[in-house]
2 protein chains.
Amino acid sequence: MIIRLDLESDTPIYTQLVQQIVEGIASGRLQPGEPLPSVRTLAGDLGINLHTVNKAYQLLKQDGYIQIHRQKGVVVQPQGMPDLTPQYLKKLEGDLRPIIAESIARSMKKNKLIELVEKLHAELSVN
Amino acid sequence: MIIRLDLESDTPIYTQLVQQIVEGIASGRLQPGEPLPSVRTLAGDLGINLHTVNKAYQLLKQDGYIQIHRQKGVVVQPQGMPDLTPQYLKKLEGDLRPIIAESIARSMKKNKLIELVEKLHAELSVN
DNA sequence: GCATCTGTTATATTATAACTATAACAAGTA
DNA sequence: TACTTGTTATAGTTATAATATAACAGATGC
(Lines give C-alpha, C1' and ligand atoms only; values in the text may rest on other atoms or scores of the structure.)
Protein backbone atom coordinates (compact mmCIF):
# COMPACT_ATOMS: atom_id res chain seq x y z
CA MET A 1 0.00 0.00 0.00
CA ILE A 2 1.28 3.39 -1.00
CA ILE A 3 1.48 5.99 1.74
CA ARG A 4 2.40 9.57 1.05
CA LEU A 5 3.30 11.92 3.84
CA ASP A 6 3.24 15.68 3.85
CA LEU A 7 6.01 16.67 6.21
CA GLU A 8 5.04 20.33 5.79
CA SER A 9 1.49 19.69 6.96
CA ASP A 10 0.42 20.76 10.42
CA THR A 11 -1.27 17.40 10.72
CA PRO A 12 1.05 15.17 12.76
CA ILE A 13 2.74 12.37 10.85
CA TYR A 14 1.22 9.67 13.03
CA THR A 15 -2.24 11.14 12.34
CA GLN A 16 -1.61 11.08 8.61
CA LEU A 17 -0.59 7.46 8.94
CA VAL A 18 -3.74 6.57 10.85
CA GLN A 19 -5.95 8.37 8.34
CA GLN A 20 -4.41 6.73 5.31
CA ILE A 21 -4.56 3.25 6.77
CA VAL A 22 -8.21 3.81 7.68
CA GLU A 23 -8.76 5.02 4.12
CA GLY A 24 -7.12 1.84 2.89
CA ILE A 25 -9.47 -0.24 4.98
CA ALA A 26 -12.52 1.75 3.90
CA SER A 27 -11.64 1.38 0.23
CA GLY A 28 -10.91 -2.31 0.53
CA ARG A 29 -7.35 -1.88 -0.63
CA LEU A 30 -6.43 -3.21 2.79
CA GLN A 31 -8.21 -6.50 3.33
CA PRO A 32 -9.07 -8.02 6.72
CA GLY A 33 -6.25 -10.24 7.86
CA GLU A 34 -3.78 -8.58 5.55
CA PRO A 35 -0.39 -7.97 7.19
CA LEU A 36 1.02 -4.50 7.58
CA PRO A 37 4.74 -3.68 7.50
CA SER A 38 6.65 -3.86 10.74
CA VAL A 39 7.24 -0.61 12.56
CA ARG A 40 10.89 -0.65 11.52
CA THR A 41 10.21 -1.48 7.89
CA LEU A 42 7.52 1.16 7.46
CA ALA A 43 9.57 3.74 9.31
CA GLY A 44 12.53 2.95 7.10
CA ASP A 45 10.50 3.13 3.89
CA LEU A 46 8.97 6.45 4.88
CA GLY A 47 12.16 7.89 6.29
CA ILE A 48 10.68 8.51 9.70
CA ASN A 49 11.24 7.22 13.19
CA LEU A 50 9.98 3.86 14.35
CA HIS A 51 8.22 5.43 17.32
CA THR A 52 6.10 7.59 15.05
CA VAL A 53 4.87 4.48 13.24
CA ASN A 54 4.38 2.71 16.54
CA LYS A 55 2.21 5.53 17.82
CA ALA A 56 -0.01 5.27 14.75
CA TYR A 57 -0.28 1.49 15.16
CA GLN A 58 -1.16 1.84 18.83
CA LEU A 59 -3.98 4.23 18.00
CA LEU A 60 -5.28 1.92 15.27
CA LYS A 61 -5.13 -1.03 17.64
CA GLN A 62 -6.91 0.97 20.32
CA ASP A 63 -9.78 1.71 17.92
CA GLY A 64 -9.97 -1.92 16.79
CA TYR A 65 -8.72 -1.45 13.23
CA ILE A 66 -5.71 -3.73 13.57
CA GLN A 67 -4.37 -6.56 15.68
CA ILE A 68 -0.84 -6.63 16.96
CA HIS A 69 0.65 -10.03 17.72
CA ARG A 70 3.66 -9.74 19.90
CA GLN A 71 6.08 -11.47 17.56
CA LYS A 72 4.03 -12.19 14.47
CA GLY A 73 3.49 -8.61 13.46
CA VAL A 74 0.58 -6.38 12.57
CA VAL A 75 -2.53 -7.40 10.63
CA VAL A 76 -5.72 -5.67 9.62
CA GLN A 77 -8.54 -6.74 11.93
CA PRO A 78 -9.49 -10.16 10.45
CA GLN A 79 -13.17 -10.13 11.33
CA GLY A 80 -15.52 -7.44 12.49
CA MET A 81 -14.43 -3.90 12.05
CA PRO A 82 -15.13 -1.60 14.99
CA ASP A 83 -18.78 -0.83 15.51
CA LEU A 84 -20.82 2.34 15.45
CA THR A 85 -20.40 2.84 19.16
CA PRO A 86 -22.13 5.74 20.91
CA GLN A 87 -18.73 7.25 21.64
CA TYR A 88 -17.80 7.14 17.97
CA LEU A 89 -21.09 8.69 16.92
CA LYS A 90 -20.59 11.45 19.44
CA LYS A 91 -17.07 12.03 18.15
CA LEU A 92 -18.37 12.04 14.59
CA GLU A 93 -20.91 14.72 15.44
CA GLY A 94 -18.25 16.78 17.15
CA ASP A 95 -16.00 16.51 14.12
CA LEU A 96 -18.71 17.40 11.64
CA ARG A 97 -20.29 20.30 13.52
CA PRO A 98 -17.62 22.99 13.00
CA ILE A 99 -17.12 21.91 9.39
CA ILE A 100 -20.81 22.19 8.58
CA ALA A 101 -21.10 25.45 10.49
CA GLU A 102 -18.35 26.95 8.37
CA SER A 103 -19.99 25.82 5.16
CA ILE A 104 -23.19 27.53 6.25
CA ALA A 105 -21.38 30.71 7.21
CA ARG A 106 -19.94 30.74 3.70
CA SER A 107 -23.41 30.48 2.22
CA MET A 108 -22.86 27.02 0.83
CA LYS A 109 -26.17 25.45 -0.16
CA LYS A 110 -27.15 22.32 1.67
CA ASN A 111 -27.47 20.41 -1.59
CA LYS A 112 -23.96 21.39 -2.55
CA LEU A 113 -22.61 20.10 0.75
CA ILE A 114 -24.54 16.84 0.49
CA GLU A 115 -23.29 16.38 -3.05
CA LEU A 116 -19.72 16.79 -1.87
CA VAL A 117 -20.21 14.27 0.90
CA GLU A 118 -21.69 11.80 -1.60
CA LYS A 119 -18.87 12.38 -4.04
CA LEU A 120 -16.23 11.72 -1.38
CA HIS A 121 -18.18 8.74 -0.13
CA ALA A 122 -18.15 7.23 -3.60
CA GLU A 123 -14.45 7.93 -4.01
CA LEU A 124 -13.56 6.34 -0.71
CA SER A 125 -15.89 3.34 -0.80
CA VAL A 126 -15.21 -0.10 -2.13
CA ASN A 127 -15.90 -0.22 -5.90
CA MET B 1 -23.30 35.54 22.90
CA ILE B 2 -22.56 32.65 25.21
CA ILE B 3 -19.27 30.91 24.73
CA ARG B 4 -18.34 27.78 26.60
CA LEU B 5 -14.81 26.51 26.62
CA ASP B 6 -13.59 23.02 27.38
CA LEU B 7 -10.19 23.54 28.93
CA GLU B 8 -9.70 19.76 29.07
CA SER B 9 -10.20 19.39 25.33
CA ASP B 10 -7.25 18.77 23.08
CA THR B 11 -8.72 21.35 20.74
CA PRO B 12 -6.83 24.59 21.36
CA ILE B 13 -8.79 27.34 23.08
CA TYR B 14 -8.35 29.76 20.19
CA THR B 15 -9.74 27.11 17.83
CA GLN B 16 -12.76 26.59 20.05
CA LEU B 17 -13.30 30.34 20.00
CA VAL B 18 -13.09 30.50 16.21
CA GLN B 19 -15.48 27.58 15.83
CA GLN B 20 -18.10 28.96 18.18
CA ILE B 21 -18.04 32.41 16.63
CA VAL B 22 -18.41 30.87 13.18
CA GLU B 23 -21.30 28.82 14.56
CA GLY B 24 -22.82 32.02 15.87
CA ILE B 25 -22.56 33.59 12.42
CA ALA B 26 -23.95 30.50 10.71
CA SER B 27 -26.93 30.36 13.03
CA GLY B 28 -27.66 34.07 12.72
CA ARG B 29 -27.19 34.64 16.43
CA LEU B 30 -24.35 36.89 15.41
CA GLN B 31 -25.60 39.42 12.91
CA PRO B 32 -23.49 41.22 10.30
CA GLY B 33 -22.19 44.46 11.76
CA GLU B 34 -22.73 43.27 15.32
CA PRO B 35 -19.87 44.21 17.63
CA LEU B 36 -17.83 41.58 19.41
CA PRO B 37 -16.27 42.07 22.85
CA SER B 38 -12.79 43.56 23.01
CA VAL B 39 -9.92 41.14 23.40
CA ARG B 40 -9.49 42.19 27.00
CA THR B 41 -13.15 41.96 27.88
CA LEU B 42 -13.67 38.56 26.32
CA ALA B 43 -10.44 37.26 27.80
CA GLY B 44 -11.52 38.50 31.20
CA ASP B 45 -15.00 37.00 30.93
CA LEU B 46 -13.60 33.63 29.88
CA GLY B 47 -10.73 33.71 32.32
CA ILE B 48 -8.10 33.35 29.63
CA ASN B 49 -5.29 35.43 28.27
CA LEU B 50 -5.85 38.33 25.93
CA HIS B 51 -3.43 36.90 23.40
CA THR B 52 -5.48 33.75 23.06
CA VAL B 53 -8.53 35.81 22.14
CA ASN B 54 -6.43 37.96 19.84
CA LYS B 55 -5.19 34.90 17.98
CA ALA B 56 -8.76 33.76 17.39
CA TYR B 57 -9.75 37.22 16.17
CA GLN B 58 -6.78 37.37 13.82
CA LEU B 59 -7.76 34.04 12.28
CA LEU B 60 -11.36 35.16 11.88
CA LYS B 61 -10.22 38.41 10.29
CA GLN B 62 -7.89 36.53 7.98
CA ASP B 63 -10.79 34.41 6.73
CA GLY B 64 -13.05 37.41 6.31
CA TYR B 65 -15.52 36.69 9.09
CA ILE B 66 -14.88 39.86 11.05
CA GLN B 67 -13.49 43.34 10.65
CA ILE B 68 -11.09 44.86 13.10
CA HIS B 69 -11.00 48.64 13.33
CA ARG B 70 -7.87 49.81 15.01
CA GLN B 71 -9.56 51.76 17.78
CA LYS B 72 -13.25 51.09 17.26
CA GLY B 73 -13.18 47.41 18.01
CA VAL B 74 -14.28 44.20 16.38
CA VAL B 75 -17.45 43.69 14.35
CA VAL B 76 -18.95 40.80 12.42
CA GLN B 77 -18.35 41.32 8.71
CA PRO B 78 -21.11 43.84 7.82
CA GLN B 79 -21.71 42.75 4.23
CA GLY B 80 -20.66 39.74 2.28
CA MET B 81 -19.46 36.76 4.19
CA PRO B 82 -16.40 35.03 2.75
CA ASP B 83 -17.06 33.21 -0.49
CA LEU B 84 -16.79 29.60 -1.53
CA THR B 85 -13.25 30.07 -2.73
CA PRO B 86 -11.39 27.20 -4.38
CA GLN B 87 -8.99 27.13 -1.43
CA TYR B 88 -11.87 26.76 0.98
CA LEU B 89 -13.46 23.99 -1.06
CA LYS B 90 -10.16 22.17 -1.16
CA LYS B 91 -9.79 22.56 2.59
CA LEU B 92 -13.36 21.36 3.07
CA GLU B 93 -12.64 18.23 1.07
CA GLY B 94 -9.49 17.61 3.05
CA ASP B 95 -11.38 17.98 6.31
CA LEU B 96 -14.22 15.70 5.26
CA ARG B 97 -12.18 12.92 3.67
CA PRO B 98 -10.75 11.26 6.79
CA ILE B 99 -14.06 11.63 8.61
CA ILE B 100 -16.02 9.95 5.84
CA ALA B 101 -13.37 7.28 5.42
CA GLU B 102 -13.69 6.37 9.08
CA SER B 103 -17.46 6.17 8.85
CA ILE B 104 -17.10 3.76 5.93
CA ALA B 105 -14.52 1.66 7.75
CA ARG B 106 -17.04 1.36 10.58
CA SER B 107 -19.68 0.11 8.19
CA MET B 108 -21.86 3.16 8.57
CA LYS B 109 -24.45 3.27 5.80
CA LYS B 110 -24.30 6.23 3.46
CA ASN B 111 -27.88 7.15 4.25
CA LYS B 112 -27.09 7.23 7.94
CA LEU B 113 -24.18 9.58 7.33
CA ILE B 114 -26.22 11.85 5.09
CA GLU B 115 -28.99 11.94 7.65
CA LEU B 116 -26.52 13.01 10.32
CA VAL B 117 -25.16 15.76 8.09
CA GLU B 118 -28.69 16.99 7.41
CA LYS B 119 -29.59 16.89 11.08
CA LEU B 120 -26.55 18.95 12.02
CA HIS B 121 -27.19 21.30 9.13
CA ALA B 122 -30.67 21.94 10.39
CA GLU B 123 -29.44 22.47 13.95
CA LEU B 124 -26.80 24.94 12.88
CA SER B 125 -28.73 26.89 10.26
CA VAL B 126 -30.81 30.00 10.71
CA ASN B 127 -34.37 29.08 11.81
C1' DG C 1 22.04 -22.99 20.04
C1' DC C 2 22.20 -18.73 17.60
C1' DA C 3 21.19 -15.06 14.76
C1' DT C 4 17.27 -12.51 13.37
C1' DC C 5 13.00 -10.39 13.43
C1' DT C 6 8.91 -8.97 16.00
C1' DG C 7 6.64 -5.37 19.23
C1' DT C 8 7.73 -3.03 23.54
C1' DT C 9 9.89 -0.12 26.93
C1' DA C 10 13.03 3.33 28.60
C1' DT C 11 15.64 7.58 28.37
C1' DA C 12 17.08 11.72 26.37
C1' DT C 13 17.02 15.54 23.19
C1' DT C 14 15.27 18.92 19.92
C1' DA C 15 11.73 21.71 17.95
C1' DT C 16 7.40 23.64 17.91
C1' DA C 17 2.76 24.94 19.57
C1' DA C 18 -0.24 26.67 23.07
C1' DC C 19 -0.95 29.54 26.74
C1' DT C 20 0.12 32.85 30.07
C1' DA C 21 2.22 37.14 32.10
C1' DT C 22 3.72 41.94 31.72
C1' DA C 23 4.60 45.84 29.57
C1' DA C 24 4.41 49.28 26.37
C1' DC C 25 2.76 51.77 22.09
C1' DA C 26 -0.37 54.35 18.78
C1' DA C 27 -4.68 56.07 17.76
C1' DG C 28 -9.16 57.39 18.64
C1' DT C 29 -12.94 58.80 22.09
C1' DA C 30 -15.24 60.90 26.31
C1' DT D 1 -6.25 64.27 30.24
C1' DA D 2 -7.88 59.76 31.09
C1' DC D 3 -9.44 55.74 29.06
C1' DT D 4 -10.15 52.14 25.72
C1' DT D 5 -8.99 50.09 21.41
C1' DG D 6 -5.94 46.69 18.80
C1' DT D 7 -1.04 45.80 18.32
C1' DT D 8 3.64 44.56 19.32
C1' DA D 9 7.38 42.83 22.05
C1' DT D 10 9.53 39.84 25.35
C1' DA D 11 9.69 36.09 28.34
C1' DG D 12 8.45 31.88 30.59
C1' DT D 13 5.96 27.47 31.16
C1' DT D 14 3.89 23.43 29.68
C1' DA D 15 2.71 19.94 26.43
C1' DT D 16 3.14 17.66 22.04
C1' DA D 17 5.66 15.82 18.05
C1' DA D 18 9.46 13.69 16.37
C1' DT D 19 13.91 11.86 16.60
C1' DA D 20 17.93 9.06 18.38
C1' DT D 21 19.78 5.09 20.90
C1' DA D 22 19.53 1.30 23.46
C1' DA D 23 17.88 -2.64 25.43
C1' DC D 24 14.44 -6.42 26.39
C1' DA D 25 11.33 -10.58 25.63
C1' DG D 26 9.43 -13.82 22.78
C1' DA D 27 9.00 -16.23 18.46
C1' DT D 28 11.06 -18.01 13.92
C1' DG D 29 14.51 -20.08 10.80
C1' DC D 30 18.70 -22.27 10.08
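Just so it is clear, the structure is predicted and the values come from calculations on it, not from any experiment. The chains referred to below are lettered A, B, ... by the order of the sequence lines, with proteins before strands, and numbering in each begins at 1.
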Enumerate donor-acceptor pairs with a distance under 3.5 Å from any side-chain N or O in residues 36-43 of chain B to protein atoms, sequence neighbours excluded.
{"residue": "B/Ser38", "atom": "OG", "partner": "B/Thr41", "partner atom": "N", "Å": "3.1"}
{"residue": "B/Ser38", "atom": "OG", "partner": "B/Thr41", "partner atom": "OG1", "Å": "2.8"}

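Backbone-only engagement by A/Lys55 is indicated by non-hydrogen atom pairs under 4.0 Å involving sugar-phosphate atoms exclusively.
Across all non-hydrogen atoms, the minimal contact from B/Met108 to B/Leu116 is CE-CD2, 4.5 Å. In plain terms, the two heavy atoms of B/Ser125 and B/His121 that are nearest each other are OG-O, 2.7 Å. Nearest heavy atoms, B/Val76 versus B/Gln31: CB-O, 3.4 Å. The shortest heavy-atom contact between B/Ala105 and A/Ala26 is N-CB, 4.0 Å.
Within residues 38-54 of chain A, the residues approached by DNA chain D to less than 4.0 Å at the level of any non-hydrogen atom are A/Arg40, A/Ile48, A/Asn49, A/His51, A/Thr52, in residue-number order. Sorted by residue number, the members of residues 2-25 of chain A with any non-hydrogen atom under 4.0 Å from DNA chain D read A/Pro12, A/Ile13, A/Tyr14.
Residue A/Gln58 places at least one side-chain N or O under 4.0 Å from the OP1 or OP2 atom of C/dT8.
Mapping heavy-atom proximity under 4.0 Å, the span of DNA chain D touched by chain B runs 5' to 3' from D/dT5 to D/dA9.
Put simply, the side chain of A/Tyr88 gets close to the backbone of B/Ser103: a donor and an acceptor are under 3.5 Å apart. Without hydrogens or angle criteria, A/Asn49 side chain to A/His51 main chain gives a donor-acceptor distance under 3.5 Å.
Under the rule for a side-chain hydrogen bond (donor to acceptor under 3.5 Å, both in side chains), B/Glu34 has no partner lying at least two apart in sequence or in another chain.
The interatomic distance linking A/His69 (NE2) with C/dT6 (C1') rounds to 12 Å, in whole Å.
Put simply, the side chain of B/Val22 reaches to within 4.5 Å of the side chain of B/Tyr65, judged on heavy atoms.
Applying the salt bridge (charged side-chain N to carboxylate O under 4.0 Å, His left out) test to residues at least two apart or on different chains, the pairs with a partner in residues 71-93 of chain B are A/Glu102-B/Lys91, A/Lys119-B/Glu93, B/Lys91-B/Asp95, B/Glu93-B/Arg97.
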